[in-house]
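The basis for the numbers below is simple: all heavy atoms, side chains too, and nothing from hydrogens, waters or symmetry mates. What you see is a predicted model; the values in this text were computed from it and never measured.
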Amino acid sequence: MLMVDVDVIAQIDAYFCTPRHRQLRDDVRRFAQTEIAPHVPAMETDQQIQYELAHRIAAQGWLGPTISGEYGGMGEGHVAKTIIDEEVSTVSAPMGAMVQASQLGTAKIIHYGTLEQRRRWLPAIARGDVLPTIAVTEPTSGGHVLGMTTSARRDGDDYILNGRKVYVGNSHVGTLHGVVARTGAGKNLTAFLVEADRPGLTVAGLEPTLGLHGFSFGELIFDDCRVPTANRIGREGDGWKVAYSSSITYGRPNLTAVSLGIHRALLKDTVAYVKQQRRYGRRLADLSIIKDKIGKMRSHLMTSAANAYLAVSMLDRNLPCDTELINAKYQGVELLLESVRIAVDAHGAAALLRRNHIERYLRDAYHMLTPAGTPEIQLLRLAEAELGTMTGQWSEQLADRIATTPSATS
């Protein structure tokens, strides 16, 4: 009987991707396997921030897939961004998280930056010289953006920032923080670009985390940090728009891509294990109960991949797709966690051994749940869409601001 290997990602590539996309996938996969994979054991053991590795990855140009060629970026859009995040995360979710966090930090400049800000920062980000972040969450408000208390007080040609931001992706390796602060009551929030070396900004010591070892995920403290008005993003009062739009059009698809990378690695390692191990004189892979588990994992991965690439392909085509982005993130994380549980069952006690990586995938997967909207928030937004109470789609409002003009070399 002729055996046919029907690879999930190969099928996705055939439908959603161009030859340029497929070449990009090959390039990122090769780099990840040769340049990132050797660092993974030490990252898990030492749990140290990977400053040098982060900058080496950034130097590949992978922070700028949605930055237009005019500003030195790839100009390839969100499908390309998904490919990069997914392939890096298949080898190392912490480094995939590093890449996606900086891509997310770029969104605010693309969507709301002035011409001067774009000219100053986007080429540097595209080269990997600058690693941007976005800092919104606070200790007492969590994901409730309008509940933030970090303040920005106007003082002549400057603003003076005071307060704290927590769970900032790339907190320690980032060189340009996108900070949203309160400039008045209600929705009067404003966004700023704050250089990491600006006086009055302190990065707190990094606490140990459940997973994503090697990724910096920490706290920024502002103590009379003076920022020039030239560093303000958009108009005063636009900060809530910067926060929400970046989360929806970048944060959700980025975390979906990281989840997809973890999911692929999880299934690959589980299949390898059940093919190798024997019980009752047969391979585990030949037992019906194990086939059932592998089939479920495969189904979960196929659903997650289809949702992910449908959403970002719509985003690249400037189609309204907030609900597709929401659903891709929700389903991608939920199905990944289900697959992790199945993989643990298939491995038995061996799942607890670090050399089998399953416990690492489990720990990393839980970091995907909360950022860019908890599962409850995702379901609430989907319900609003179905009930006709959705107030608008950021993907549609920002369509003319997506900086994906093809580069001069394309």
Side-chain angles (χ1 to χ4, degrees), residues 1-13 25-26 28-47 85-96 210-214 257-306 308 332-368:
M1 180 184 296
L2 177 64
M3 306 301 289
V4 179
D5 180 18
V6 185
D7 181 75
V8 172
I9 298 305
Q11 291 178 300
I12 290 293
D13 281 355
R25 187 184 295 279
D26 289 343
V28 179
R29 182 177 297 178
R30 187 179 308 109
F31 181 94
Q33 291 173 347
T34 60
E35 303 296 327
I36 300 177
H39 296 272
V40 172
M43 289 164 60
E44 287 300 310
T45 301
D46 302 336
Q47 301 185 30
D85 297 346
E86 176 195 346
E87 288 298 330
V88 173
S89 300
T90 301
V91 171
S92 170
M95 290 299 97
L210 173 70
L212 296 186
H213 296 159
V258 176
S259 299
L260 188 57
I262 299 171
H263 211 153
R264 282 177 52 200
L266 174 74
L267 178 56
K268 178 183 177 182
D269 284 2
T270 302
V271 167
Y273 179 81
V274 299
K275 283 183 175 181
Q276 177 187 1
Q277 294 296 313
R278 303 185 71 83
R279 295 292 188 276
Y280 320 115
R282 302 166 63 189
R283 299 186 311 167
L284 284 179
D286 296 326
L287 302 179
S288 295
I289 191 170
I290 297 298
K291 288 182 179 180
D292 179 76
K293 295 181 186 300
I294 297 300
K296 287 179 180 176
M297 293 177 69
R298 165 74 181 228
S299 176
H300 292 167
L301 178 60
M302 291 177 68
T303 300
S304 298
V333 177
E334 292 295 316
L335 292 176
L336 168 60
L337 291 173
E338 287 187 27
S339 286
V340 169
R341 171 61 188 272
I342 294 170
V344 170
D345 288 345
H347 281 76
L352 308 179
L353 300 176
R354 287 201 165 188
R355 61 179 167 83
N356 287 324
H357 307 307
I358 303 304
E359 57 88 30
R360 170 162 65 94
Y361 300 142
L362 184 151
R363 290 185 286 103
D364 291 345
Y366 271 98
H367 280 256
M368 303 298 111

Note, Leu362 side chain near Ile358 side chain (heavy atom, < 4.5 Å): no
CD on Glu359 to CG on Leu353, rounded to 0.5 Å: 9.0 Å
Any donor-acceptor N/O pair, Asp85 side chain to Val258 backbone, under 3.5 Å: no
Non-hydrogen side-chain atoms of His300 and Glu338 separated by less than 4.5 Å: yes
Met43 side chain near Ser92 side chain, heavy-atom distance below 4.5 Å: yes
Ala308 to Leu260 - nearest heavy-atom pair and separation: CB-CD2, 4.3 Å
Glu44 vs Arg363 side-chain heavy atoms within contact, under 4.5 Å: yes
Main-chain N/O of Gly295 paired to Ser299 side chain as donor or acceptor, under 3.5 Å: no
Nearest non-hydrogen partners of Val88 and Ala32, listed with the distance: CA-CB, 4.4 Å
Beyond-backbone contact of Val8 with Arg264, side-chain heavy atoms, under 4.5 angstrom: no
Gap separating the CE atom of Met95 from the CG atom of Leu212, nearest 0.5 angstrom: 9.0 Å
Between His263 and Ser339: side-chain donor-acceptor atoms closer than 3.5 Å: yes
Smallest separation among heavy atoms of Asp345 and Lys293, with atom names: CB-NZ, 3.7 Å
Other residues, nucleotides, ligands: >12 heavy atoms within 6.0 Å of Arg283 CZ: yes
Check ion pair Asp26-Arg29 (N to O, under 4.0 angstrom): no
Flag side-chain contact, heavy atom, 4.5 Å: Ile262 against Thr90: no
Taking only distance into account, with no hydrogens and no angle test, what donor-acceptor pairs under 3.5 Å do side-chain atoms of residues 265-277 form with protein atoms, sequence neighbours excluded?
from, atom 1, to, atom 2, distance (Å)
Asp269, OD2, Tyr361, OH, 2.6
Thr270, OG1, Leu266, O, 2.7

Close side-chain approach of His367 and Leu210, heavy atoms under 4.5 Å: yes
Check: Pro94 and Asp364 side chains under 4.5 Å, non-hydrogen atoms: yes
salt_bridge(Lys296, Asp292) N-O dist < 4.0 Å: yes
Gly332 to Ser259 - nearest heavy-atom pair and separation: O-CB, 4.2 Å
Residues, nucleotides or ligands: over 12 heavy atoms within 6.0 Å of Tyr366 OH: no
Arg25: side-chain hydrogen bond (donor to acceptor under 3.5 Å, both in side chains) partners, not counting sequence neighbours: Asp13, Glu86, Glu87, Tyr309
Derivation and outcome, side-chain contact (heavy atoms from CB on, under 4.5 Å), residues His347 and Leu352: CA-CA 9 Å; His347 281 76; Leu352 308 179; over 6 Å; no
